[in-house]
Amino acid sequence: HIRERFEREARALARLDHPNIVRVLDYGEHEGAPYLVMEYLEGPTLKDAKKPIPVETAVRILRPIVEAIDYVHEQNLLHRDVKPSNIIITKRDKPMLTDFGIAKWLDDDEEQMTLTGTGVGVGTPEYMAPEQGLGKKVDHRVDQYALAVVFYELITGRKPFQGKTPIATLMKQATEPIPDPRKFVPSLSESVKRFLDRAMAKKPEDRYPTMADYLRDLD
């Protein structure tokens, strides 16, 4: 059953065709282990970037990633692990979204099939939306939330929620208000805070309905 899921997701990833998404070229099996063949990208990730950076620079970097995620959602797929280490900046300064290792299908019947199982909180705690961390049903708005956390980190130099343990971090995501980014970078505008407050709202229904709406306010 897991092998069927792998092949299904591999086929879906191989069909993705976007200039800012790493290409999956092939998939198969070697000595009983399934594998993906992916495009080789050379360059640092956003995790390696010196932070904080100006808002304008952060928007320029993330704008193509927003469009890439919007495209992924159009294919009925979620990324579920958007974070700085999964965004590579190539030698030509092109941002690329990588690592769909825990990608998740959204089926027409809303049964969510995934390599990692149904109803399991997977991802990286510092970037996980509350509903994802709690193992609840998720949709495209978890990627929206995670990318907003990346934006917050780029412009302030710190993650909004950090705990001593993964569980402590997830609880902060679920219960604590977003620290005002102007506390760390006073020159940031009110519009930045408004964008983050909506993109990182605790309840999915309070976030942007689509990535197009998200992109409008990011611009």
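The first residue in the sequence is number 1, and the count goes up from there. Being a predicted model, the structure only gives us computed values, none of them experimental.
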Exercise. Quick one: does Phe161's side chain get under 4.5 Å of Leu170's, heavy atoms only?
Worked result: no
Problem set entry | Verdict with supporting geometry, Ile155 and Val185, side chain to side chain contact (heavy atoms under 4.5 Å, CB included) | CA-CA 8 Å; Ile155 64 176; Val185 183; over 6 Å; no
Seminar exercise, completed: Value for NZ (Lys183) from CG (Leu188), rounded to nearest 0.5 Å, stands at 13.5 Å
Problem set entry | Side chain proximity check, His140 to Leu78, heavy atoms < 4.5 angstrom | yes
Exercise. Do you know the tightest heavy-atom contact between Asn20 and Ile65?
Worked result: O-CD1, 4.5 Å
Exercise. Is a side-chain donor or acceptor of Lys172 paired with a backbone partner of Gln162 at a separation under 3.5 angstrom?
Worked result: yes
Problem set entry | Partners meeting side chain to side chain contact (heavy atoms under 4.5 Å, CB included) with Ser189 (sequence neighbours left out) | Ser191, Val192
For this session: Linking directly or through intermediates, with side-chain heavy atoms under 4.5 Å: list the remaining ILVMFWY members grouped with Leu25, chain and number order.
Result: Tyr35, Val37
Problem set entry | Partners passing side-chain hydrogen bond (donor to acceptor under 3.5 Å, both in side chains) against His73 (at least two apart in sequence or in another chain) | Asp143
Seminar exercise, completed: d(Ile69 CD1, Leu147 CG) to nearest 0.5 Å is 4.5 Å
Exercise. What's the spacing between Ile178 CD1 and Leu196 CG if we round to 0.5 Å?
Worked result: 6.5 Å
Seminar exercise, completed: With sequence neighbours left out, the residues meeting salt bridge (Lys or Arg N to Asp or Glu O under 4.0 Å) with Glu126 are none
Exercise. By side-chain hydrogen bond (donor to acceptor under 3.5 Å, both in side chains), which residues pair with Arg182, not counting sequence neighbours?
Worked result: Asp180, Glu190
Exercise. What residues form a side-chain hydrogen bond (donor to acceptor under 3.5 Å, both in side chains) with Gln144, not counting sequence neighbours?
Worked result: none
Problem set entry | Gln132 and Tyr145: side chain donor to acceptor below 3.5 Å | no
Problem set entry | Whether over 12 other heavy atoms sit under 6.0 Å from Lys51 NZ | yes
Exercise. Does Glu205 have any side chain to side chain contact (heavy atoms under 4.5 Å, CB included) partners at least two apart in sequence or in another chain, and if so, which?
Worked result: Arg141, Lys203
For this session: With the side chain counted from C-beta on, respond yes when Leu16 and Val24 share a heavy-atom pair under 4.5 Å apart, and no when they do not.
Result: no
Exercise. If we only count heavy atoms from C-beta on, is the Pro160 to Val149 side-chain gap below 4.5 Å?
Worked result: yes
For this session: Return each pair, listed once, that meets salt bridge (charged side-chain N to carboxylate O under 4.0 Å, His left out) where at least one residue sits in residues 154-164; pairs must be two or more places apart or across chains.
Result: Glu153-Lys159
Exercise. For Lys202, what residues pass the side-chain hydrogen bond (donor to acceptor under 3.5 Å, both in side chains) criterion, not counting sequence neighbours?
Worked result: none
Exercise. Closest heavy-atom contact between Pro95 and Pro64?
Worked result: CG-CG, 4.1 Å
Exercise. How close do Ala168 and Gly163 get, heavy atom to heavy atom, and via which atoms?
Worked result: CB-CA, 4.1 Å
Exercise. Do Asp17 and Tyr71 come within less than 4.5 Å of each other through their side chains, counting heavy atoms only?
Worked result: yes
For this session: Give, for atom CD1 of Ile87 and atom CG of Leu97, the distance between the pair rounded to the nearest 0.5 Å.
Result: 6.5 Å
Exercise. Going from CG on Asn86 to OG1 on Thr124, what distance comes out if it is rounded to the nearest 0.5 angstrom?
Worked result: 7.0 Å
Exercise. Is there any side-chain hydrogen bond (donor to acceptor under 3.5 Å, both in side chains) pair reaching into residues 208-219, and which pairs are they, with sequence neighbours excluded?
Worked result: Arg63-Asp219, Tyr208-Asp217, Thr210-Asp213, Asp213-Arg216
Problem set entry | Those residues that, when tested against Tyr27, pass ring-ring contact (aromatic ring centres under 6.0 Å, His included) (two or more places apart) | none
Exercise. Looking only at heavy atoms, which two atoms of Thr45 and Ser85 are closest? And how far apart?
Worked result: CG2-O, 3.6 Å
Exercise. Which is it for Asp139 and Lys137 under the salt bridge (charged side-chain N to carboxylate O under 4.0 Å, His left out) test, yes or no, and what are the steps along the way?
Worked result: CA-CA 7 Å; Asp139 62 18; Lys137 192 167 186 175; over 6 Å; no
Problem set entry | Heavy-atom check, side chain of Val82 versus side chain of Tyr127, under 4.5 Å | no
Seminar exercise, completed: When Arg80, Arg207, Lys136 are each screened for salt bridge (charged side-chain N to carboxylate O under 4.0 Å, His left out) with Glu131, the one that passes is Arg207
Exercise. In terms of heavy-atom contacts, does CZ of Arg23 have more than 12 from other residues, nucleotides or ligands at under 6.0 Å?
Worked result: no
Seminar exercise, completed: Looking only at heavy atoms, the pair that brings Gly43 and Ile88 closest together is O-CG2, 3.9 Å
For this session: Please tell me if the side chains of Leu13 and Leu77 come closer than 4.5 Å, counting only heavy atoms from C-beta onward.
Result: yes
Problem set entry | Note, Leu46 side chain near Leu62 side chain (heavy atom, < 4.5 Å) | yes
For this session: Enumerate the residue pairs fulfilling salt bridge (charged side-chain N to carboxylate O under 4.0 Å, His left out) with a member in residues 86-97, sequence neighbours excluded, ordered by first and then second residue.
Result: Glu42-Lys91
